[in-house]
Amino acid sequence: MAWGSAKMLAAGFAHRFSAGARGSAMPMAMPMAAIRRRGPARWDFILSAEIMTIAMASLPAGQPLWMQTLALAAVAVGITVLVYGGVALIVKADDVGLWLARRGKIAPIRWVGRGLVRAMPPLLTALSILGTAAMIWVGGSILLHGAAELGWPAAYDAIHHLAEAAGHLLPAGGFTEWLVTAACDGVLGLIFGLLLIPPALYVVDPALRLVARLRG
């Protein structure tokens, strides 16, 4: 999760730099487009597997197998219907708006259609930015909690103490603690993801391509 988000950001900044050198502007949707070119099925599989892993780790210990299976099945259905169904509706909203603008029988309906068409590009840009930030934050949080569980709690404890100190100093203590924790988790997640990009690009990807050629 942290690696994928850092890769999208790195691709976006690289494209912005190259586009700026040519005197043209970079569309904000470029990071997501870069991921789509590498295969949305693989990306969706990774995200779904991570969500299922988090759900499985959240189950109380000692649950029977049938209860774990039922809970994971419910999570899988929720992912499919709520997450991907919602994404599909958002992606197709501009098509609906265009249809309303062209086929609407009365002026208010055509106005709504034109409003949808105009609103979708900034909305998709905002969702892309928020989604990337959320994935970096969650990825960093998973890494910190995992490191603490494995016996390396220094970073987790340091962030916890920093968030507590900020909560005592600033108003809205609970929100301030959450904000500081989320920001620190995100920064560490971004750093870790950026560090993974070179080995992923120059070691893992070539190895996978070599295995694919040998199988073919």
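Just so it is clear, the values below take in all heavy atoms, side chains as well, and ignore hydrogens, waters and symmetry mates. Counting begins at 1 with the first residue of the sequence.
- Between atom CG of residue L170 and atom CZ of residue F175 there is a gap of 11.0 Å, rounded to the nearest 0.5 Å.
- No option in V187, V180, L188 other than L188 meets the side-chain contact (heavy atoms from CB on, under 4.5 Å) test with I159.
- Under the 4.5 Å side-chain heavy-atom criterion for grouping Ile, Leu, Val, Met, Phe, Trp and Tyr, W178 is connected to V138 within one hydrophobic cluster.
- Follow the hydrophobic side-chain contacts under 4.5 Å out from Y202 and you reach L194 in the same cluster.
- Looking only at distances, a side-chain donor or acceptor of T181 sits under 3.5 Å from a matching main-chain atom of E177.
- Other residues, nucleotides and ligands place more than 12 heavy atoms under 6.0 Å from the CD atom of Q68.
- In terms of hydrophobic clustering, with Ile, Leu, Val, Met, Phe, Trp and Tyr side chains grouped at heavy-atom distances under 4.5 Å, L124 and I129 are assigned to different clusters.
- L123 contributes atom CG, which lies 10.0 Å from atom CG of L116 (distance to the nearest 0.5 angstrom).
- Taken from CG in L195 to CD1 in I191, the straight-line distance is 7.5 Å, to the nearest 0.5 Å.
- The minimum heavy-atom distance between L162 and C184, with the atom names listed, is CD2-SG, 3.9 Å.
- Residue pairs meeting the ring-ring contact (aromatic ring centres under 6.0 Å, His included) criterion with at least one partner in residues 153-173, sequence neighbours excluded, are H145-Y156.
- For the residue pair S141 and D185, the shortest heavy atom distance occurs at CB-OD2, 3.6 Å.
- Across every non-hydrogen atom of V117 and L98, the tightest pair is CG2-N, 3.5 Å.
- Between L144 and A155, the shortest heavy-atom distance links the atoms CD2-CB, 3.6 Å.
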Between I106 and I109, is a side-chain contact (heavy atoms from CB on, under 4.5 Å) present by the stated rule, with each step listed?
CA-CA 6 Å; I106 58 177; I109 292 180; 3.7 Å; yes

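- Contacts of D95 classified as salt bridge (Lys or Arg N to Asp or Glu O under 4.0 Å), with partners at least two apart in sequence or in another chain: K92.
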